[in-house]
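This report concerns only the one structure given below.
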Amino acid sequence: MSTTAREHDIIIVGGGISGVALAYGLADRGRQITLLDGPTATDKASRTNVGLIWCQSKFAHLPDYASLAFLSARLFPELSRELSEVSGLEIPVNYRGGLIPCLGEEEYSSRADYIDRLRQVLEEYPGEMISRSQLERKLPAITFGPEVTGAAWCEADGIIDPLALLRAYKVALTRVGVTTLKTLVHQVEPLAGGGYRLHTATGPLECQQLVLAAGLANRRLANFAIPDLPVHADKGQVLLVERLPQVMPIPMLGVTQTFGGTVIIGFRHEYVGHDTQVVPSAVASEGQWAIRVWPALGKRRLIRTWSGLRVMPKDSQAIYSRLPGHPGVTLVNTHSAVTLAAFHTRLLADYLLGGELPELARKMTLNRFGFAS
Amino acid sequence: MNRRTDLLVIGAGPAGLAAAVSARDCGLEVTLIDEQAAPGGQLFRNIESPLGQQALQARERAQGMELVRAFRASGAAYCPKTTIWGLEPGRVSCTLEGVPATLEASAIIVAPGAMERPVPFPGWTLPGVMGAGGADILLRSGGTLDKDPAAPVVLAGNGPLLLLLAGHLLQAGVKIVAWLDTGCWSQRLRALPLMPAAALDPAYLNKGVKMALQVLKGKIPLIRGVSDIRALGEGQLEQVSYRKRGKRYLLGAATLLRHEGIIPRTHILNSLRIEHHWDRVQRYWYPLLDQDGATSIAGLFLAGDAGYVHGGDASQLKGSMSGVAAARYLGVISKEEAADRSAAPRKQLQTMRISRGYLRHLFAPHPQLFKVPDETMVCRCECVTAGEIRKAVAEGCTEVNEVKLFSRCGMGPCQGRMCGPALAEITAAACSTGVESVGSLRIRQPFRPVSLENYCDLHHPLPDQQP
Amino acid sequence: MSTPLTTTTVRILFEGQELEVPAGISVAAAVAGYAHPGHTCKHPVDGSGRAPFCFMGVCFECLMEINGLPDVQSCLVTVEEGMQVRRQPLPESIKL
Ligand SMILES: Cc1cc2nc3c(=O)[nH]c(=O)nc-3n(C[C@H](O)[C@H](O)[C@H](O)COP(=O)(O)OP(=O)(O)OC[C@H]3O[C@@H](n4cnc5c(N)ncnc54)[C@H](O)[C@@H]3O)c2cc1C
Ligand code: FES
C-alpha cells in the first residue's frame, strides 16, 4: 500500500467495456495510461449484458445517436480481428444482421411505421420489415408461435460474446503498455495547481488528466463538479435457458441464443434505483412473451435468473463531455457500450487528449442538460 | 396446491424428519417436501424397504426405522418426488411430480444435507469413476458396480464414509485391489490430543473401530501417502495411476471410487445471500446460524449437515431443536417450554460435537488435494480445465465469480456444485492466497432447473411487454 | 448380501433390453447397477461419454431419455413398470 501519491499521465476509472475500449484507443498515443478497476457489487453492466451489436429500430428522435450505432457497427469487424490478434484470444462474433420478432398485426404495423420514420430521419436505413415466411427462411430451425406475424430485419446488426470481448480488451491492454490497477476509487479531489488526486482503497494516486468511465459510479465520482449527474440505473432482469443446439444464426432481440447455446430472455427496463433483486413475476412476463414467439422454449429448462443495471443517461443518449470547470476531466456514459465499443476505441482518442468530438457526437456533451462545459 | 401452512420442512433426511416430528409435537401444521420417492435422506435411503435396511448396521437400522415410523405417525403432510427450485422468505417454489406449485408457510426449515466433496483429477469423467457416496447408493439399490462381480475396484481418498463403503463392498463380495490413502498425516497427528474426548461418544467410537476392523479383516491393500491420482481408459475406466514418493504406479481397474469427505450443501442459503464462514481444517463454507439453526432471515431455519457436517445422529438432534425453535418463533409454545424441549438434544449434541472435533482433524482433506495438473477438467458441465482457471488468474482475475465469467467454469446446469470447491481452491492457490479471500460462487435461483413454462405459469406474470 | 431380497420388482427397458429391478430405486441406479452400459450420455460440449457420478442430484451427469423425454436427471426419477429408457444422445441440429 502506497501512502505517497504517485503521478500518472492519464487515469481512466472503470474497467467495464467503456473503460477498456477507451484505454485501448489511447494506447498508441505516446501517453502513459493507467486504468483503474475495482470490485463493486452492483455496477457491473459489462458483465450482465447480451452482447448485441444493435443498430436497428431505435432513436428516431435522436438521429445522430442512431447513426453512431451504425458507424460503430461498421468499425467492429476490423476491431475484433485486431483484438483477437493482439490478445491471442478468440472472440466469437457474427455480423449476419438482427431480427425483432412481432406478435400480431398491430405490433407489426407499428414497428413498420417506426422504421419508416427512421428511414426518413436517417435518409438511408439498411433494414426493413419482413413477413412471417421470410422470417422462417432466415431461421429455418425455429418453429415460431402462431401469433408471430413477421419481424423487423436489419443487416447492420450483429452479436458478439461480450465476456470474450471484455477479456480480449483486458489482455490486449497488457500487450500495448496500458497499466491496469485493481483498486476501488473512493473520491476524486481536484488539486489547486491543476491535476487530480484520486483517493483509492490502496492509497492516493495523482494524474494530470482523468477519464471517468465507471458506469453508475460516475455519479459519485463526478460530484466534485456536478452534484447530480443525469444518469440513472435501469434495471434489466433476465432468464437463462439451458444449452440448445445452435438454431439462431441471426440474433433475435428479447430472446437471444448465445454462442454457448444457452438462450437469454429479457428486455424489461425498470427504474428502481440500485435494487438488483430478481422479481419472479417480472421475469415470468418476459418468459411468457418468449414462449409466444418460440413455443418449444417452454419445455426447455430454465437454469438461472439474474438482473443487472444498465447505465442510462436521462435522455437515453450517450454522454461524452468535459466536466464543467474541469477541462482535464472527460466523462463517458452510455447504455450501449458494447455496440459503441468500436467507436469508443477508434474515434474518441483525440477528444480524450483535448481535441474535438467527432462530428456525430458533438451534441452529446453535458451542455444539453444545461451544464456549461 | 396453493396453501399456507405453519411450517415447511425441506428434506426428508434425519434432520428434516426430526424437525417435522418435533414441530408436530409442539402442535404445528407441518408439510415436508423431498425429492426422493421415500423418506430417509442419504443416510436412511430406502429404509422402508428391505433393500435399504440391509445396508445399515443394526443400531442405525433401528434408529432410522424408528425415526421414519415416528414421522409417518406424526400427521405431517408429506410431498415426496418434489424438487424445490425457488425459495423466498415464507414461500417455496417446487415441482411436485412434474406439476409446478408454490407453497407458503410462516416458517421454513431447510435441511438439504451434505454432499461428497467433489475433487477433480485427470480422467474423472470416465464411466467407471464414481463418488463413493454414489457407489453406496448404487449398492443400496441392490445393483452391482460391474457386470463381473469380481472385476477389480480401487478405492481412493480419505474419510469415514470410505471406510463404511469398504465394509459394504466387502460384504457384497467385491474385489478391492487397493485403497489409495490421500489423507494428510500431519493433520491426523493433530487429531491425537482430541482423541480422549471421543470416548464421550462410545457408540460412535465403537462403530469406527468396527468399520476399521472390517477393512483389515478383508485385507484391503492400503497404500499410504498417495498423490496425483489419474483415471485412464478409452471411453471407460481401464487403469488407475498414482504417485507415491516420486514414483508413478499403475493398477488395472474396472471401477474407481473416490471420496474426500463430506461438505454442506449451501446452494439454497447462498442464493439468499446468507453469510457463510470458511472452515480452515475441513475446507468448506458453512452458513452462519444460531444454536437452534435460525438464519439471519426471520422464520428461516437450517438444520442438519447442511449447516456443518457432524453426521446423521447429530443432524437428527439439530432437526429436533430447530422444530422446537420454529414453534417458538410462531409463538405457539412459551420460551420456557422451548428451553425444556430442547434441553436434552442440546446436551447430547454438545457431547457429540466434542467427540466429532477429533474426526474433523483425523479426516481433514489434504491441503494439496486440488494441486491438479493443468489438463484436469474441473467443470464437468462446461468442460473447463484447471489450466484455463489458472490462465484467467494470470490475466488478473482474483475472485471466483470473475474467473467464472471469463472461463465459464461454474456456468452449467449444476451451478458450480461439482466445480465450485475446486475452482475456489485452484484460484486461491494461483493467487497465492487463502480460499476465504477469493470468495464463493454466487448462486442464482432457480437453484435446480425447472422448465421455462412451469416457472412462468407459476409466477403469475405481469401484463405482457415487448422488447 | 446375507439375507435374500424380498422386495417387489418392476421391469423397465433400457435401450430395448429388459431389466428387472427393485421397485423404489432410481432410474440411474437401475441402469448403472443392472445394465452396466458404460456411458449413459454423450456430453453436449465435448462429446465424451459420461455416466451417473453422484446418484443424488448434484452432478447432472445422469441425463437420459425417459419415455421419450430427453435431458431427464435420471437419479431423481423412480423406476416404473414399462418405463422406456435410452441413452441421452448428442443434440443434433434439430428443429425446435
Ligand atoms: C441486461 C443488460 C443487457 C444489455 N445488453 C446490451 C447489448 O446487447 N448491447 C449493448 O451494446 N449494450 C448492452 N447493455 C449495456 C452495456 O452492458 C453497458 O452499456 C456497458 O456495460 C456500460 O459500460 P460501463 O463501462 O460504462 O459500465 P460497467 O460495465 O458497469 O463498468 C463499470 C466498471 O467500473 C468499475 N468501477 C465502478 N466504480 C469504481 C470505482 N469507484 N473505482 C474503480 N472502479 C470502479 C466497476 O467495477 C466496473 O468494472 C446491456 C446492459 C444490461 C444490464
Ligand atoms: S447422478 Fe449426479 S445428478 Fe444424477
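Hydrogens, waters and symmetry mates are skipped; everything else that's a heavy atom, side chains included, is used. First the proteins, then the strands, lettered A, B, ... as listed; each starts at 1.
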Legend entry - Phe60(C)/Met418(B) under side-chain contact (heavy atoms from CB on, under 4.5 Å): CA gap, chis, key distance, verdict: CA-CA 9 Å; Phe60(C) 287 79; Met418(B) 291 301 282; over 6 Å; no
Inset, instruction - Please look at Asn46(B) and chain C and tell me whether the side chain, the backbone, both or neither of the residue comes under 4.5 angstrom of a heavy atom of that chain. - result: side chain
Legend entry - Exam field: side chain Arg448(B) to backbone Gly57(C), donor-acceptor pair closer than 3.5 Å: yes
Legend entry - Per-residue contact mode, His43(C) against chain B (heavy atom under 4.5 angstrom): side chain
Legend entry - Arg265(B) side chain to Val58(C) backbone, donor-acceptor under 3.5 Å: no
Legend entry - Which portion of Gln36(B) sits near chain C, non-hydrogen atoms under 4.5 angstrom: neither
Legend entry - Any donor-acceptor N or O pair under 3.5 Å, side chains His36(C), Thr144(B): yes
Inset, instruction - May I ask you to list the residues in residues 9-17 of chain C that approach chain B closer than 4.5 angstrom, counting heavy atoms only, ordered by number? - result: none
Legend entry - Part of Cys59(C) lying under 4.5 Å from any heavy atom of chain B: both
Inset, instruction - Under 4.5 Å heavy-atom distance to chain B, tell me which part of Pro37(C) shows up: side chain, backbone, both or neither. - result: neither
Inset, instruction - Return the set of residues passing side-chain hydrogen bond (donor to acceptor under 3.5 Å, both in side chains) with Arg72(B) (not counting sequence neighbours), or none when no residue passes. - result: Glu48(B)
Inset, instruction - Select one option (side chain, backbone, both, neither) describing which atoms of Lys81(B) are under 4.5 Å from chain C's heavy atoms. - result: side chain
